[in-house]
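Keep in mind that this is a model prediction, so the values were computed, not measured. Positions are given from 1, in the same order as the sequence printed here.
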Amino acid sequence: MNIIVWNENRHEKTNETVASIYPEGIHGTIASFLTEAGHDVTTATLDEPEHGLPQELLTKTDVLVWWGHMAHDEVQEDIVERVKQRVLDGMGLIVLHSGHFSKIFKSLMGTGCDLKWRESDDKERVWNVDPSHPIAKGIGEYFEIEKEEMYGEHFDIPAPDELIFVSWFTGGEVFRSGATFKRGRGKIFYFRPGHESYPTYHQAEVQQVIKNAVEWAKNQDTPKHTYGNYQPLEK
């Protein structure tokens, strides 16, 4: 499978804590365990030409993994439309953590995608509420992340096609932390954990969910449909 892992790669350049946790960048860490899973992985970052997402690369990509936070506004509109069209054409999209506010996710959802948040070392308990789903393969009844940024409801997204994970935080909040959507021929999975100043992407359960998600999101050669003015099949 051909996968792109996209990351702003800004926190890693300006924050020593983030750089120490992810010396190869968040994208590098994610790319590493996806490569170990047997995939052909390319990384791309905001400051590359065309944000590292030229049309010829996207055309042969099965799944795009997206992490963004502090520079959503810097993503060019034409690149957003390019990615959106590929999703509609069948490319899978995995949106991580603060990517909920990315232009591409908001455009595909059609809502504000806002939420409550707090940075205070909350413990996160991620409950598996759809254990038969392929994205939940190998995940038990729940898993815990010792320290994470809190996200709380209401999460301003459309009703998900499937809800796989729900998180609880020590402050008492809950959050729909693993949700799927279909847009056109493409499949989308939003996964909440992954604040940059915590080693979340080094945790085995988080890695397992992402590995499962890219397998699920790959287009299974679904047939294209004809649109527009159409001639009758029966003469």
Side-chain angles (χ1 to χ4, degrees), residues 7-8 11 17-18 21-22 26 29-30 65-70 72 92-183 187-217:
N7 174 30
E8 287 176 1
H11 290 287
T17 298
V18 179
I21 296 170
Y22 299 109
I26 290 173
T29 295
I30 296 172
V65 181
W66 190 284
W67 194 100
H69 183 208
M70 64 185 297
H72 297 311
L93 178 66
I94 312 300
V95 177
L96 301 175
H97 191 60
S98 46
H100 72 91
F101 246 5
S102 64
K103 289 180 178 179
I104 181 59
F105 189 65
K106 290 166 72 174
S107 178
L108 287 163
M109 294 300 103
T111 59
C113 300
D114 213 341
L115 46 81
K116 298 180 180 69
W117 62 274
R118 177 179 61 248
E119 292 184 43
S120 58
D121 292 349
D122 279 79
K123 178 171 73 175
E124 178 177 3
R125 183 174 294 137
V126 183
W127 288 95
N128 179 357
V129 299
D130 190 356
S132 66
H133 197 284
I135 293 177
K137 182 180 179 180
I139 303 299
E141 187 174 7
Y142 67 87
F143 65 91
E144 294 182 347
I145 303 172
E146 189 62 29
K147 293 181 180 180
E148 249 295 353
E149 180 182 21
M150 184 281 293
Y151 278 9
E153 295 287 347
H154 173 251
F155 187 15
D156 184 21
I157 55 173
D161 293 325
E162 302 162 305
L163 183 60
I164 304 166
F165 302 111
V166 173
S167 290
W168 169 90
F169 296 86
T170 45
E173 297 84 6
V174 295
F175 191 77
R176 289 168 289 169
S177 53
T180 72
F181 307 87
K182 293 179 181 177
R183 296 292 185 269
K187 295 193 285 187
I188 303 164
F189 177 60
Y190 172 77
F191 189 43
R192 196 220 72 82
H195 186 60
E196 69 277 356
S197 60
Y198 300 114
T200 302
Y201 293 121
H202 293 292
Q203 185 163 332
E205 295 94 339
V206 173
Q207 293 185 4
Q208 185 62 54
V209 169
I210 296 172
K211 287 188 284 188
N212 292 345
V214 297
E215 294 282 358
W216 168 86

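Environment of CD in Glu119: crowded, with over 12 heavy atoms of neighbouring residues, nucleotides or ligands closer than 6.0 Å.
Glu149 and His97 share a side-chain donor-acceptor pair at under 3.5 Å. At a cut-off of 3.5 Å, with distance as the only test, no side-chain donor of Asp161 or Thr180 sits close to an acceptor on the other residue.
For Ile94 against Ala217, the heavy-atom pair with the smallest separation is CD1-CB, 3.9 Å. What you find for Ile188 and Trp216 is that their closest heavy atoms are O-CH2, 3.5 Å. Looking at every heavy atom in both residues, Trp168 comes nearest to Val174 through CD1-CG1, 4.3 Å. Contact record, Ser167 with Glu124: OG-OE2, 2.6 Å, taken as the closest heavy-atom pair. For the pair Ala136 and Asn212, the tightest heavy-atom approach, listed with the atom from each and the gap, is C-ND2, 4.0 Å. The two residues Leu163 and Gly178 make their nearest non-hydrogen contact at CD1-O, 3.6 Å.
Taking the six-membered ring where tryptophan is involved, the planes of His100 and Tyr190 are perpendicular, since the angle between them exceeds 60° and thus also 30°. Using cut-offs of 30° and 60° on the angle between ring planes, the pair His11 and Trp67 is perpendicular.
Between His69 and Phe101 the shortest side-chain heavy-atom distance does not fall below 4.5 Å. Residues Lys106 and Thr111 are not in side-chain contact: their nearest non-hydrogen atoms beyond the backbone lie 4.5 Å or more apart. Lys123 is not listed as a side-chain neighbour of Phe169, based on a closest heavy-atom distance of 4.5 Å or more. Residues Val129 and Phe165 fail the side-chain proximity criterion, which asks for heavy atoms closer than 4.5 Å.
Here the CD1-CZ distance, from Ile135 to Phe191, works out to 9.5 Å after rounding to the nearest 0.5 Å.
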Exercise for the section: Decide salt bridge (Lys or Arg N to Asp or Glu O under 4.0 Å) for Glu153 and Lys116; before the verdict, give the C-alpha distance in whole Å, the side-chain angles of both, and the deciding distance to 0.1 Å. Expected result: CA-CA 6 Å; Glu153 295 287 347; Lys116 298 180 180 69; over 6 Å; no

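Proximity of the aromatic rings of Tyr142 and Trp127 is defined here by a centroid distance below 6.0 angstrom, and this criterion is met.
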